[in-house]
Amino acid sequence: MESPKALGLGSSLMSVQELAKEPMLAIPQPYIRSEEEEPSIPSHGSHSLQTIPVIDMNRLLFGQTDLELENLHFACKEWGFFQLVNHGVGYSVVEKLRNEIQGFYKLPLEEKMRYKRKEGDVEGNQRGYNNQHPKSNPQANKGNALGNGKELVIYQHNARIQRSIPTLKDIEKRGNESGRIEEDSFRTVSSTNLVSNFEVNPENEEEDVEVDRIDDEVDDIKNKKQNSVGDMEIQGNENLDDMAKINEEEAKKIETNGINGSHQAGLEKEPVHEELLAGKHIENLDSCENNNEESSNSDHGLDSIVQDSQSPLIEDSFESVRKNIPIQNAESNLEVGQDQEKEVNEANYSGAYESNVSLRASQLPDINLHIELNPSAARRITRSMKSPPEAVNFGKSIIVPSVRQLAKQPLDKLPPRYVHDFVSSGLRTSDDSSLLSVPVIDLQSLVSGDRMDYELERLYCACKDWGFFQVINHGVSIELLEEFKREIVDFFKLPSEEKKKLWQQPDNHEGFGQLFVVSEEQKLDWSDMFFITTLPSSLRRTQLFELLPPNLRETLEAYSVEVRKLAMTILGQMAKALKMDSEEMRELFSDGVQTMRMNYYPPCPEPDMAIGFSPHSDADALTILYQLNDINGLQIQKEGKWVPVKPVQNGFIVNIGDIMEIVSNGVYRSIEHRATVNSTKERLSIATFYSSNLDSELGPAHSLVGPDNPAVFRRMPTEEYLKEFFARKLNEVGPASTLSNPQNPPLFQRVGMEEYVKDFFSRKLDGKSFLEQMKGAENGADNTSI
Ligand SMILES: O=C(O)CCC(=O)C(=O)O
Ligand SMILES: [Fe+2]
């Protein structure tokens, strides 16, 4: 094989493009990475159902702002990556740029050599990236060796990016209006850098001066204790260094089709070689903000930039965004670079949301948008997302044998531990209950179209009168559901040896087994289940996750994300129906705890004497149940009867849990339900439980109580409450007298979320007894009267 030198490239600069043209049996040594260099991020194989969240800028700005903001928050926190659609960056601009760059790479070698970096200019085997800090390479990033035509393209591209900056500022504004995001939370950092192998003119003294000036500015800003950009000063040197580090890292890692674009606020229209430089960021941020202020007549502070724009190409798509017209090209953008490898650049999201979030528009593979949070916003958000460093142990359950294994044996009679006393437990099924059926809510009609009000009213009634409904047109992909179904069916079929590894541990109830088993004498349910905490990811028991079959783990994660999204949408609609402040609802659930319980009910020799799942109400706010096969089993309490729920195809069964009954101040009902078993058929279901944030205060929504509301509920700081909580025996009902308000007794106490969940799991399942205990019973109303 010819050496790079033989290819006429010199030792300091190897054209991989040329190298790859040569026949070779092995990769040349310099390109082989040592084991230590290998990324530590585990790969889950080629098959993946997980998709990076997609944020719709159009929705964010004009449509379902709250919902999309929520998605944005989630994407930043849980993924550190997301894709942006309807972003307003014109497809034609990017397409043209892409063509130009591709053309540039196709130039004959001799012509490319004109742009070759001179030996010694760059240390090591850097391949001509321009992102180096000028301190380490003052010669870099100066000038532009491209012809005029190319300059024009870059210029347009750059201007295009500038124009999306106020749009991002607008996101911040919207977030700020709703109290979600602090002003100046986002700093958009933009620059368009060619990362091609072209050289600049080192003789150009003026350019040197410019670089030095920028360099001095950085030093200046670093030294300043007070600077003009408010929160930025808190970040100080650390931030500037970080930014430089991140950009350097990025330059090394991201090798796209020739462009590495980052995004900086207010970037002046300098062509091509804008340095990714912290000082410049700050300077330009100011100018962007000024621009926004000046254009007070503009909807989004865009006009000044629009006027500056000299490119008609820019106008089309952006106007679409401004006028809330979907961009025609947005879909076709999806095709561009879709199969480009996404490189998870840890530098970009180390401390994601704490310091730096990278938004990669994968549809536009050449553009990275970097959004930075200012430090105070980052701290606030980090605080609000603060979760314990380790998974919280919500509880334990006495370990019991597998019912599936038991059911495999030839059994004429039910083993005594599974025989329930139906008379005293009230488990007997009522005769005629099939005339009633659970309402079906069409989510699509609920969120758009002209039936929204009607559907909202139906939702309200379903939550209030039934506490249960089924949801169709929910937006969760049927393929995902099918895949998940297959994997869960296989999961319960795993050999016992494999299952043992995933069985509950004496100190924790996650895994295979049963929940709520608190004594050896207690009757058991005729079912196996697998219980797992899925969100927030900081609460996961990683050792359990790692033991899951890889395909299942991936699908589970994808499903978890989808169901969370669905839960947030439903919660938002519930808030609307309740006339509750939707922001309060969002605050309460933004970082909600999600757990899943996969239920397996084997055929039972004496189904009338057993129960698959004892009557209970769910402790969470919202349960989303996916029934895997068409066997009836779920029954709910309605008007003194057990009403069977027949699942609609591809729908979810949703029910109100105790938390939502509390939050809604008793308006929405957490209904007792149970699962019966079948003599010949197995039944499977997956319940996903969504609860409020672990560090939230649990109690009736503030926005639902007030002077005009006769049933006023008092407020209680968690800490104060917890003192009272621990000062009494668990089974005692009601808050201490000092905490009750004789005029307006609260129905429910406020309690720390973590304690609530732990307490829930520490007892035997017994209908709604736990919710009863949450009532402020001192002067409290009877739950049945709600
Ligand atoms: O399997 C079912 O239908 C009911 C499951 C259930 O109620 C639960 O997991 O909380
Ligand atoms: Fe349940």
Kindly compute the distance separating [atom1] ([X]) from [atom2] ([Y]), expressed to the nearest 0.5 Å.
| X | Y | atom1 | atom2 | value |
| --- | --- | --- | --- | --- |
| L414 | W526 | CG | CH2 | 5.5 Å |
| E557 | E554 | CD | CD | 8.0 Å |
| E587 | S582 | CD | OG | 11.0 Å |
| L459 | I570 | CG | CD1 | 8.0 Å |
| Y559 | I686 | OH | CD1 | 5.5 Å |
| D630 | K646 | CG | NZ | 4.5 Å |

Going by the side-chain contact (heavy atoms from CB on, under 4.5 Å) test, name the single residue among [options] that passes it with [X].
| X | options | answer |
| --- | --- | --- |
| V677 | P603, C604, P605 | C604 |
| L571 | R586, M660, M580 | M660 |
| T534 | L539, T595, V563, L556 | L556 |

Side-chain touch [X]/[Y], heavy atoms, less than 4.5 angstrom:
| X | Y | value |
| --- | --- | --- |
| E510 | F531 | yes |
| W79 | V561 | yes |
| F652 | T688 | no |
| E78 | P53 | no |
| R540 | T533 | no |
| N629 | K681 | no |
| E639 | L436 | yes |
| I624 | F689 | no |

[X] side chain vs [Y] backbone, donor-acceptor pair below 3.5 Å:
| X | Y | value |
| --- | --- | --- |
| R541 | I532 | no |
| Q594 | S560 | yes |
| K638 | D465 | yes |
| D442 | N473 | no |
| Q504 | H509 | yes |
| R553 | F545 | yes |
| N678 | G633 | no |
| H474 | N650 | yes |
| W466 | R669 | no |
| R683 | I631 | yes |

Closest approach of [X] to [Y] (non-hydrogen atoms, all atoms of both residues):
| X | Y | result |
| --- | --- | --- |
| V403 | S527 | CG2-O, 3.4 Å |
| L544 | G511 | CD2-N, 4.0 Å |
| L406 | L411 | O-CD1, 3.5 Å |
| Y626 | L481 | OH-O, 3.0 Å |
| S696 | L588 | CB-CD1, 3.8 Å |
| Q627 | N632 | NE2-N, 4.5 Å |

Check step by step if side-chain contact (heavy atoms from CB on, under 4.5 Å) holds for V419 and K413.
-> CA-CA 10 Å; V419 178; K413 283 180 94 56; over 6 Å; no
What do you reckon, is NZ of K523 surrounded by more than 12 foreign heavy atoms closer than 6.0 Å?
-> yes
Atom CD of Q649 with >12 non-hydrogen neighbours under 6.0 angstrom = no
E682 bridged to K493 by N-O distance under 4.0 Å | no
Sole candidate of H673, E672, R674 that passes side-chain hydrogen bond (donor to acceptor under 3.5 Å, both in side chains) when paired with Q635 | R674
Could you walk me through whether I659 and L698 pass the side-chain contact (heavy atoms from CB on, under 4.5 Å) test, one step at a time?
-> CA-CA 8 Å; I659 289 177; L698 184 57; 3.7 Å; yes
Could you walk me through whether T555 and K485 pass the side-chain contact (heavy atoms from CB on, under 4.5 Å) test, one step at a time?
-> CA-CA 10 Å; T555 316; K485 182 199 289 188; over 6 Å; no
Residues S664, M574; criterion side-chain contact (heavy atoms from CB on, under 4.5 Å); working and verdict = CA-CA 9 Å; S664 71; M574 283 178 171; over 6 Å; no
Before giving the answer on side chain to side chain donor-acceptor pair (under 3.5 Å), spell out for S670 and D618 the whole-Å C-alpha distance, their side-chain angles and the decisive distance to 0.1 Å.
-> CA-CA 7 Å; S670 167; D618 294 342; over 6 Å; no
Which pairs count as salt bridge (Lys or Arg N to Asp or Glu O under 4.0 Å) when at least one residue sits in residues 563-578, sequence neighbours excluded?
-> E70-R564, E562-K565
F530 vs F512 aromatic rings, parallel, tilted or perpendicular, using cut-offs 30° and 60°?
-> perpendicular
Residue set satisfying ring-ring contact (aromatic ring centres under 6.0 Å, His included) with Y690, at least two apart, ordered chain then number -> none
Report yes or no: is the cationic atom of R404 (NZ for Lys, CZ for Arg) closer than 6.0 Å to the six-membered ring centre of Y600, at no more than 45° off its axis?
-> yes
